[in-house]
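The structure appears right after this line, and notes come after that.
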Amino acid sequence: MKILIADKLSDNAVKALENMGASVRLEPDAAAGDLPQLMNDAEILIVRSTKVNKAAMDAASSLSLIIRAGAGVNTIDLEYASALGIHVANCPGKNADAVAELTIGHMIALDRNIVDNSIDLRNGVWNKKGYSKARGLKGRTLGILGLGSIGTKVAAVAQVMGMNVQAWSRSLTEQKAKTMGLGFCPTPMDLARSSDIVSIHLAASNDTRHLVDRSFLEAMKESAFLINTSRGEIVDSAALMEICSSKSLKIALDVYEDEPGASEKTFPHTELAQLITGTHHIGASTQQAADAIADEVVKIVESYRSSGKPLHPVNARDKSTAQFNLVVRHFNKVGVLAAVLDALRNADINIEEMENSIFSGGEAAVCTLKLDDRPSDVILNEISSMDNIIKASLK
Ligand SMILES: NC(=O)C1=CN([C@@H]2O[C@H](COP(=O)(O)OP(=O)(O)OC[C@H]3O[C@@H](n4cnc5c(N)ncnc54)[C@H](O)[C@@H]3O)[C@@H](O)[C@H]2O)C=CC1
Ligand SMILES: O=C(O)C(=O)COP(=O)(O)O
C-alpha cells in the first residue's frame, strides 16, 4: 500500500500507517501544482488544504482513495474523482472543537477590541478610556449559519456564556431548534436582520457561494459582528469591502476568497486586511485537533484496507437507483458467481451493487445483487438451476 501525504500530518499517524505495512512518502510542503509530479504509483493520497485537481488525478493511475485530513472537501475535485472511481473520505467533526474555540476567540476579540488594544500598547499608547466601551456578549443574539459539527459546538458555548442563540441551517426545523434551546430563523435573511453577531459555519459549494452577499450585509444590524471561519467563498468579499465604507460592521475572518496555500508567504488581500481582524486559516490548527484528525486518518486507511470501503466517504452515491434486489443463495465454490454474472450480462442487465456473505462453517453463502432491470422468470430459473446454486429469488 503506497501512501503520499502532501501536507503536514502528525508523526504518530505516519508511524501507525507504516506499522500497517504501508510505504509512506511525506511531502509536507507540496502545493497543488506539485502533485502531478509527486503522485507516481501512490494508491492513497492524504491532504489537508492542498488542492487536488484533475491534473493530480490524471497523473496517478494507481490512486483509489483521497483522504481529506480535515472537514471541508471543496478543495478536491469530487466530480472528477467520482468519474474516475476514486473514493474521497474526510474526518467529520474531528477539528470542530478547535474551530469553535477560534470562533469564540474572535467574538470576544471583536467585542473588546483586543487586537487594537495590543497594537496601541506596542506603539506606546495607553487608552484605557477609549477601550472601555465594550457592549459585552451576555444577552446578545448570536446567529449561526450552518448547524453542523462546528455550528453546534459554537452554539453550545455561546449558550453557556448567556447569549441568545439562533440559527439557520438547511435541514433545521422549528421543532429541532426548540429542542436545542435555539431560536429558529426560516431564512438566512431573517438571521441577518435579527442577529447582533453572525457566525458562518457552512460547507462551501455552488449553493453556498456568496450566500453572504450585498443584500445579506445590508440587512445586518448597524454595528453587528460578522465572523467567518468556514470558507472565504461563502462571503462576497468585494461587497463586504464596499459595505464597510457605509456601515460600521465589525468583521473577523479566518478564511478568504482565493486564499494562499499553506506554503505560500504573501497575502494578496491587504486592502481587506485593513478592515478586519484576521487569522491565517488556523481554525483547525491546534495540537488537540491535529491528534484527533491523525487518529481518524489512520482509521480510514484501516477500514479501506480491511473492507475496500473507507470510513466517511463523501462521494459515494447516497442511494442506488437500482430497484431490483437479486438474492442468490449458493455453495461457496469457485466460479459460481461468475456464472450468475454471465447470465445477467447475456440478459443485458447491469449490476450496480453486489455483496457476498459467507455463513459460519464456510459451506454456503448469500450474494445480494442490486440490478437496474428486472430479471425475467426464465433467467431466475436459469440461475436457480445452475450447479452449486441453492436458490435465486427477487426481493
Ligand atoms: N477554518 C478552518 O480551519 C476550518 C474550516 N472548516 C470549514 O467549516 C465548514 C463546516 O465544518 P463542519 O461544521 O465540521 O461541517 P459539517 O459538515 O458538520 O457542517 C456543514 C454545514 O454546512 C451545511 N451545508 C452543506 N452543504 C450545504 C448546502 N449546499 N446548502 C446549505 N447548507 C449546506 C450543512 O447543512 C451543515 O450545516 C467546513 O465545510 C469547512 O469548510 C472546517 C474545519 C476547519
Ligand atoms: O478541515 C477543514 O475544512 C479546514 O479548513 C482545515 O484546514 P487545514 O487542514 O488546517 O488546512
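Read the numbers this way: they start at 1 and go in the same order the structure lists the ligands and their atoms.
Counting atoms of ligand 1 from 1 in the listed order, those under 4.0 Å from a heavy atom of S149 are 13 (O), 14 (O), 16 (P), 18 (O). With ligand atoms numbered from 1 in the order given, ligand 1 contributes 37 (O) to contacts under 4.0 Å with heavy atoms of G146. Interface atoms of ligand 1 facing N95, defined by a heavy-atom separation under 4.0 Å, are 43 (C), 44 (C). Taking every heavy atom of L147 and a limit of under 4.0 angstrom, the matching atoms of ligand 1 come to 37 (O). For ligand 1, the atoms sitting less than 4.0 Å from at least one non-hydrogen atom of A284 are 3 (O), 44 (C), numbered in the order shown with element in parentheses. Close approach of ligand 1 to R231 (heavy-atom distance below 4.0 Å) involves ligand atoms 5 (C), 6 (N), 7 (C), 40 (C), 41 (O). Using a 4.0 Å cut-off to heavy atoms of S205, the atoms of ligand 1 that qualify are 29 (N).
Between H87 and Y304, the two ring planes are perpendicular [angle over 60°; tilted spans 30° to 60°].
Counting heavy atoms closer than 4.0 Å to ligand 1, residue H281 contributes side-chain atoms (C-beta onward) but none from N, CA, C or O. With a 4.0 Å heavy-atom cut-off, ligand 1 is reached by no atom of V73. Within the 4.0 Å heavy-atom criterion, the part of A71 lying near ligand 1 is the side chain and not the backbone.
Closest protein heavy atom to atom 22 (O) of ligand 1: A203 N, 3.1 Å. Among all non-hydrogen protein atoms, the one lying nearest atom 29 (N) of ligand 1 is D207 OD2, 3.0 Å. Looking only at protein heavy atoms, the nearest one to atom 13 (O) of ligand 1 is I150 N, 2.9 Å. The single protein non-hydrogen atom nearest to atom 5 (C) of ligand 1 is T229 O, 3.2 Å, given as residue, atom name and distance. Scanning the protein heavy atoms around atom 7 (C) of ligand 1, the nearest turns out to be S230 O, 3.5 Å. Considering only non-hydrogen protein atoms, atom 44 (C) of ligand 1 sits nearest to V99 CG2, 3.3 Å. Ranking protein heavy atoms by distance to atom 28 (C) of ligand 1, first place goes to R170 NH1, 3.4 Å. Here the protein heavy atom with the shortest distance to atom 9 (C) of ligand 1 is L202 O, 3.6 Å.
No side-chain donor from either of N228 and Y256 sits under 3.5 Å from a side-chain acceptor of the other. Using modelled atom types and a 3.5 Å distance limit, the side chains of E233 and H210 yield no donor-acceptor pair. With 3.5 Å as the limit, one finds a donor-acceptor pair spanning the side chains of T229 and T103. In summary, the side chains of E101 and T286 do not present any donor paired with an acceptor at a separation below 3.5 Å, with no hydrogens or angles considered. Looking only at atom types and distance, the side chain of Q274 has no donor-acceptor partner in the side chain of H269 under 3.5 Å away. A donor and an acceptor atom, one from each side chain of T279 and H106, are located under 3.5 Å apart. Inspection of the N12 and S10 side chains reveals no N or O donor paired with an N or O acceptor under 3.5 Å. For the residue pair T50 / D7, a side-chain donor-acceptor distance below 3.5 Å is found, with atom types taken as modelled. Between the side chains of D120 and Y131, at least one donor N or O lies within less than 3.5 Å of an accepting N or O. Under 3.5 Å, the side chains of S384 and N381 contain no donor-acceptor pair of N or O atoms.
Contact check for H201 versus L147: no side-chain heavy atoms found under the 4.5 Å cut-off.
Crowding of D387 atom CG: a count of heavy atoms from other residues, nucleotides or ligands under 6.0 Å not exceeding 12.
Ligand 1 lies within reach of S169, whose nearest heavy atom is under 4.0 Å from it.
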Find all protein N or O atoms under 3.5 angstrom from an N or O atom of ligand 2 and list the pairs with distances, or write 'none'.
from     : atom 1 : to   : atom 2 : distance (Å)
ligand 2 : 1 (O)  : A71  : N      : 2.7
ligand 2 : 1 (O)  : N95  : ND2    : 2.9
ligand 2 : 3 (O)  : G72  : N      : 2.7
ligand 2 : 3 (O)  : R231 : NH2    : 2.8
ligand 2 : 5 (O)  : R231 : NH1    : 2.9
ligand 2 : 5 (O)  : R231 : NH2    : 3.0
ligand 2 : 5 (O)  : H281 : NE2    : 2.7
ligand 2 : 7 (O)  : S49  : OG     : 3.3
ligand 2 : 7 (O)  : R68  : NH2    : 3.4
ligand 2 : 7 (O)  : H281 : NE2    : 3.3
ligand 2 : 9 (O)  : R48  : NE     : 2.9
ligand 2 : 9 (O)  : R68  : NH1    : 2.9
ligand 2 : 10 (O) : R48  : NH2    : 2.8
ligand 2 : 11 (O) : S49  : OG     : 2.5

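Cation-pi geometry between R140 and F225 is met: the NZ or CZ atom falls under 6.0 Å from the ring centre, inside 45° of the normal.
Summarising the geometry of V336 relative to H330, their closest heavy-atom pair is CG1-CB, 3.8 Å, with the distance given to 0.1 Å.
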